[in-house]
Amino acid sequence: MLVLTRKVGECIAIGDDIKIIVMQIRGKQVRLGIKAGPETVVHREEVYQRIQEENRQASMTDTQSLPDAARAIGQLGRDGSEGQDGGGGRALRRLVRSPRGSDDGDEGGE
Amino acid sequence: MIKVKTTRFGEVEVKDKDVITLPNGLIGFPELKRYVMLDHDKDSPFKWLQSLDDGAIAFVLINPLLFKPDYTVEVTEAEVSDLDLKAEEDAVISVIITMPSNPQNMTANLKAPLVFNLKNRRGKQVILNNSAYTTRHNILEEVKKRAQSAETEAVQQVIEAAKTKADEAAQASAATGTDQTGSGKR
């Protein structure tokens, strides 16, 4: 692992397209700004970990549990617009987000 | 034609045109890119996303709109550019279900839904920034909540209808008889 020491205002470049800037240091907290192309996925590590763990647990579902679960859910209204692939299209909203600026705190806690 | 030995469904044969491709796999499973969608049961809302690269790996999916009609997936164009989505109607949203031993506690991962392009059968898992959505959204609680609010609405409608009838009756008698409250104000 590469370890660097930076002061407020200084920057780290990763590849050609990613920059990490130390914006502010207050007590135990460091505020980091991340400049990257829109195709680069950036998330707090614990969010990523949580999803990884959830996927891992979900992958262990066996077929036995499904009939009971289906009964428990009962008749969830299935209108004709449901696609063959068990999904719904109307939920998708595509945005052109402004370049990552003040997205701090977006993800929130759980 | 692809033949895969799966732990849950035995040997599965899949036509090439039915293969679903996740170019980045799933979070935590980046190597597994080819899948097939299997039905659980005709009457069940569940589907199985079975890996064709690892027969032991499969996920239960559900359409989130079935239990949360206001669920919205906001993504940037860039995030889904590799799906080559031409129109919103081509997109299908599914969420992965975690099934604990008690099915009453089954949860859906609303924080990281799967987006599929119906046209080219490509998909990916995206992470939503909306902090209102969690990785463990209790499905049955949501269903109950909506049933309750639907009931409350129905009861309220009955009350409203009764009120309107009473008003009309009062107005009718006021018009024909002794009314001191000509203005009709209540």
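Within every chain, numbering begins at 1; the chains are lettered A, B, ... in the order of the sequence lines, protein sequences first and strands thereafter.
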- Message: I need the A:S65 OG to B:N102 CG distance, nearest 0.5 Å.
- Response: 11.0 Å

- What residue among B:I139, B:V143, B:L66 forms side chain to side chain contact (heavy atoms under 4.5 Å, CB included) with A:I73? B:I139

- Do other residues, nucleotides or ligands put more than 12 heavy atoms under 6.0 Å from A:Q29 CD? no

- For B:F9, enumerate each residue passing the ring-ring contact (aromatic ring centres under 6.0 Å, His included) test, keeping only those at least two apart in sequence or located in another chain. B:W48

- Query: Relative to chain A, which segment of B:A108 carries a heavy atom at a distance below 4.5 Å: side chain, backbone, both, or neither?
  - Reply: neither

- Task: Name the region of B:L85, side chain, backbone, both or neither, that has any atom closer than 4.5 Å to a heavy atom of chain A.
- Result: both

- Query: Are A:V41 and B:E79 side-chain neighbours, meaning at least one heavy-atom pair lies under 4.5 Å?
  - Reply: no

- Message: If I compare all heavy atoms of B:I97 with all of A:A58, which pair ends up nearest, and what's the gap?
- Response: O-CB, 3.5 Å

- Where on B:S101 is there a heavy atom nearer than 4.5 Å to chain A: the side chain, the backbone, both, or neither? neither

- Task: Using non-hydrogen atoms and a 4.5 Å limit, figure out which bit of A:D62 sits close to chain B: side chain, backbone, both or neither.
- Result: backbone

- Enter the distance from B:T135:OG1 to A:Q52:CD here, rounded to the nearest 0.5 Å. 12.5 Å

- For A:L4, which fellow cluster members are found when Ile, Leu, Val, Met, Phe, Trp and Tyr are connected by side-chain heavy-atom distances below 4.5 angstrom, either directly or through intermediates? A:L2, A:V8, A:I12, A:I14, A:I18, A:I20, A:V22, A:I25, A:V30, A:L32

- Message: With a 4.5 angstrom heavy-atom cut-off, is it the side chain or the backbone of B:V80 that approaches chain A, or both, or neither?
- Response: side chain

- Message: If you define the side chain from C-beta out and look only at heavy atoms, does anything of A:V47 sit under 4.5 Å from B:K111?
- Response: yes

- Task: Counting only heavy atoms closer than 4.5 Å, note whether B:I96 contacts chain A via side chain, backbone, both or neither.
- Result: side chain

- Shortest non-hydrogen contact from A:A72 to B:Q104? CB-NE2, 4.1 Å

- Steps toward side-chain contact (heavy atoms from CB on, under 4.5 Å) verdict (B:T98, A:M60): CA-CA 8 Å; B:T98 303; A:M60 301 195 305; over 6 Å; no

- Message: For B:I27, is there any backbone N or O sitting under 3.5 Å from a side-chain donor or acceptor partner on A:N55?
- Response: yes

- Item | Where at least one partner belongs to residues 7-17 of chain A, residue pairs that pass side chain to side chain donor-acceptor pair (under 3.5 Å), sequence neighbours excluded | A:R6-A:E10

- Test item: B:T107 and A:E54 side chains (from C-beta on) under 4.5 Å apart, heavy atoms: yes

- Message: Rounded at 0.5 Å granularity, tell me how far CG in B:N109 sits from CD in A:Q57.
- Response: 11.0 Å

- Cluster check B:L32, B:L22: I/L/V/M/F/W/Y, side chain < 4.5 angstrom: yes

- Message: Using modelled atom types and a 3.5 Å cut-off, is there a donor and acceptor pairing between side-chain atoms of B:R8 and backbone atoms of A:T61?
- Response: yes

- Query: What part of B:M99 is in contact with chain A, defined as an atom under 4.5 angstrom from a non-hydrogen atom: side chain, backbone, both or neither?
  - Reply: both

- Applying a criterion of heavy atom separation less than 4.5 Å, what residues of residues 152-163 of chain B form contacts with chain A? none

- Closest approach of B:I127 to A:Y48 (non-hydrogen atoms, all atoms of both residues): CD1-CD1, 3.8 Å

